[in-house]
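Beneath this line is the structure, given in structure tokens, with notes to follow.
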Amino acid sequence: MKIALLLSSKNKTALRILSLLHFSGNLPNTPIAGVLSTLGLSFWCPPLLSPNISSTRSCFCTMAEMQDSHNEMGLYTPNPEVRGMTCLNRDAFNKTIHVPVIKVKKEIINRLMKSLKHRLIQRPSLKRVIEDPKDEVNKLVLLDPYKVKSIDSFAESDHALFKQFDVSPQVSQYELQLTYENFKCEEILRAVLPKGQDVTSGFSRVGHIAHMNLRDHQLPYKNVIGQVILDKNPGITSVVNKTNTIDSAYRNFQMEVLAGEENMITKVKENYVTYEFDFSKVYWNPRLATEHDRIIGLLKARDVLFDVFAGVGPFAIPAAKKNCTVYANDLNPESYKWLLHNCKLNKVERRVQTFNADGRDFIKTTIKKELLKYANVPSAEEKPSLHIAMNLPALAVEFLDAFKNLLEEEPCSSFIVPTIHCYSFSKDDDPLQDVKARAESFLGTTLEDCSLHLVRNVAPNKEMVCISFQLPTSVLFQSDTGEPESKRPRTAKESKLD
């Protein structure tokens, strides 16, 4: 009756799955194997090796049509018993599979391996050449079960290679024991987390620290996730998870250590500059390396950079190394401490003046004082460019009004107008126009000529934008007309309310 059921044309898929189970080692030698044989299915099942080798020229079951099912069943999928694991048990990942092998003489192994590279099994920490305890002359070469299904899987060039080295192309089956070390990070996490949930295997690397932003549904598995990330990424000795949002004043956040050491003092290298800092007390984002380099590319030697929210120095130090004059400020005492340290570490302390003040105070004191020096520069003298970096995306736009009426004297024709690079987040449908409108609102004027640059996507529907513009002299210098200050332009959002 069972055989009759299997013979039904509606159950071809069942036949394919049964034969696949036998092939992948998940179906023991049972009467089902006999049933499949009776039905005339050709599948790869020479006697299992442990590690005895069969010299039979065996074939896989019509693997061309079964490939999709094979992938779905997951030859390299960990055991289902690991699902829901909240405490990592590496032994639970031990799994036996069957892979194709060929015998190769020991003395020609090295010469043959390079040519056969595209046919070899690819698994983390897995030796692809193993000893055959019953054969002192040959070794076993493990092949990719997805690419090599029988002797017919080899191309003409492979057969020519075998002939050249006098290697028998006969394929045999080998019982391979996979362990935790042989699975990839994402494979492990996908097997552990509940089905249908997002798998987080990505992180920001900050020196020896892997920084993760786990979602709520992943928190019950946070310790397993942390340990797997630690195990699978050489050089990572600590895995942390952010537990709250970034503080808008000091730009740091609370975190918990998921795995590894508690040491948060780290060293990173970005754009050929070395930085050291306590990651738990300052702000650092490795995803901003390209943006840092973009702004530094706008500077030339002898230019002046005012860094209002300098952090540990990713704008200030490269600018100083480019022989610019730098005024760097940060409110966070820890950032200020590591800014000083990094200036000395990179031997640019003589070209960087550091400040530990509120950004608004820094604008109204230090920047004001230094801008006055450039109010009457002789026209014949080579003029530097002045740049003001304001990288505090959550709040920087709100500091722009500190430039209003900052200087009293009317500008002369030779006055050097500073260029501002101000960063902001936006959740608007048109983030560029949104940031421009808000910048104009706080400046109290319209920006006729400005550059808008999408820096990166921070989160779904949240962009980081940089707006660059020359500070209008009508904003910077006080007006003595006695006329009241003009109202700020209305933003696009305010107009929509009408």
Side-chain angles (χ1 to χ4, degrees), residues 204 213 242 245-253 270-271 283-299 305-311 313-316 318-319 328-331 359-360 362-363 367 385-404 417-472 475 488-497:
S204 295
N213 290 320
K242 184 171 72 173
T245 56
I246 294 176
D247 176 81
S248 59
Y250 283 177
R251 292 198 297 176
N252 58 357
F253 51 82
E270 179 184 278
N271 299 326
Y283 177 80
W284 180 268
N285 191 337
R287 294 187 175 95
L288 293 178
T290 301
E291 180 62 14
H292 296 153
D293 193 49
R294 184 182 75 88
I295 296 297
I296 298 305
L298 302 176
L299 308 178
L305 173 67
F306 301 96
D307 196 348
V308 184
F309 312 106
F315 284 127
N329 171 74
D330 203 276
L331 177 63
R360 190 175 297 276
F362 178 67
I363 293 170
I367 293 183
S385 295
L386 309 183
H387 295 263
I388 302 173
M390 303 177 67
N391 185 17
L392 184 64
L395 293 174
V397 168
E398 299 177 19
F399 284 73
L400 289 175
D401 63 1
F403 290 100
K404 293 169 70 173
V417 179
T419 298
I420 291 180
H421 309 282
C422 183
Y423 293 84
S424 180
F425 293 132
S426 175
K427 294 183 177 180
D428 196 84
D429 292 338
D430 187 347
L432 300 182
Q433 184 57 38
D434 173 54
V435 171
K436 181 176 183 289
R438 287 190 287 120
E440 291 176 334
S441 174
F442 283 97
L443 288 168
T445 191
T446 300
L447 295 173
E448 300 293 345
D449 186 17
C450 66
S451 170
L452 290 151
H453 175 70
L454 278 173
V455 178
R456 71 185 190 97
N457 177 254
V458 179
N461 303 316
K462 184 177 182 181
E463 302 289 340
M464 181 178 176
V465 177
C466 176
I467 180 170
S468 298
F469 56 91
Q470 281 200 321
L471 186 59
V475 173
R488 63 176 175 83
R490 304 174 73 194
T491 66
K493 287 185 177 180
E494 290 171 332
S495 299
K496 289 179 181 177
L497 294 177

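Since we're looking at a predicted model, the values are computed, not measured.
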With side-chain contact (heavy atoms from CB on, under 4.5 Å) as the criterion, how do Glu440 and Thr445 come out once you've worked through the C-alpha distance, each side chain's angles and the decisive distance to 0.1 Å?
CA-CA 5 Å; Glu440 291 176 334; Thr445 191; over 6 Å; no

Show your working on side-chain contact (heavy atoms from CB on, under 4.5 Å) between Leu386 and Val417 and close with a plain yes or no.
CA-CA 7 Å; Leu386 309 183; Val417 179; over 6 Å; no

Using the side chain to side chain contact (heavy atoms under 4.5 Å, CB included) criterion, which residues pair with Ser451? Sequence neighbours excluded.
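For Ser451, the residues satisfying side chain to side chain contact (heavy atoms under 4.5 Å, CB included) (neighbours in sequence not counted) are Ser468.
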
Taking side chain to side chain contact (heavy atoms under 4.5 Å, CB included) as the definition, give me every residue that meets it alongside Arg360, ordered by chain and number, with sequence neighbours left out.
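Only Asp358, Lys364, Phe399, Asp401, Ala402 meet the side chain to side chain contact (heavy atoms under 4.5 Å, CB included) criterion with Arg360.
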
For atom CG of Asn461, is the number of surrounding heavy atoms from other residues, nucleotides or ligands below 6.0 Å larger than 12?
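Not more than 12 within 6.0 Å, no.
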
Counting C-beta onward and ignoring hydrogens, is there a side-chain heavy-atom pair between [X] and [Y] closer than 4.5 Å?
| X | Y | value |
| --- | --- | --- |
| Ser426 | Arg438 | yes |
| Leu400 | Ile420 | yes |
| His453 | Arg294 | yes |
| Met390 | Tyr423 | no |
| Pro418 | Phe403 | no |
| Trp284 | Glu270 | yes |
| Met464 | Ser424 | no |
| Val465 | Leu432 | yes |

Starting at [atom1] of [X], measure out to [atom2] of [Y] and round the result to the nearest 0.5 Å.
| X | Y | atom1 | atom2 | answer |
| --- | --- | --- | --- | --- |
| Ile388 | Ile363 | CD1 | CD1 | 7.0 Å |
| Cys422 | Glu398 | SG | CD | 10.0 Å |
| Asp307 | His387 | CG | NE2 | 12.5 Å |
| Asn391 | Leu288 | CG | CG | 6.5 Å |
| Glu463 | Asp430 | CD | CG | 11.0 Å |

Restricting to non-hydrogen atoms, name the atom on [X] and the atom on [Y] that form the minimum distance, rounded to 0.1 Å.
| X | Y | result |
| --- | --- | --- |
| Ala439 | Ile467 | CB-CD1, 4.1 Å |
| Gly359 | Phe309 | CA-CE2, 4.1 Å |
| Ile296 | Ala319 | CD1-N, 3.8 Å |
| Phe469 | Cys450 | CB-CB, 3.8 Å |
| Gly311 | Asp330 | N-OD2, 2.8 Å |

Taking ring-ring contact (aromatic ring centres under 6.0 Å, His included) as the definition, give me every residue that meets it alongside Phe315, ordered by chain and number, with sequence neighbours left out.
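For Phe315, the residues satisfying ring-ring contact (aromatic ring centres under 6.0 Å, His included) (neighbours in sequence not counted) are His292.
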
Leu471/Leu443 under side-chain contact (heavy atoms from CB on, under 4.5 Å): CA gap, chis, key distance, verdict:
CA-CA 9 Å; Leu471 186 59; Leu443 288 168; 4.1 Å; yes

Main-chain N/O of Ala289 paired to Asn271 side chain as donor or acceptor, under 3.5 Å
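Judged by distance alone, yes, a pair lies under 3.5 Å.
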
What verdict does the side-chain contact (heavy atoms from CB on, under 4.5 Å) test give for Phe425 and Val397, after you've listed the backbone C-alpha separation in whole Å, the side-chain angles of each residue and the deciding distance to 0.1 Å?
CA-CA 10 Å; Phe425 293 132; Val397 168; over 6 Å; no

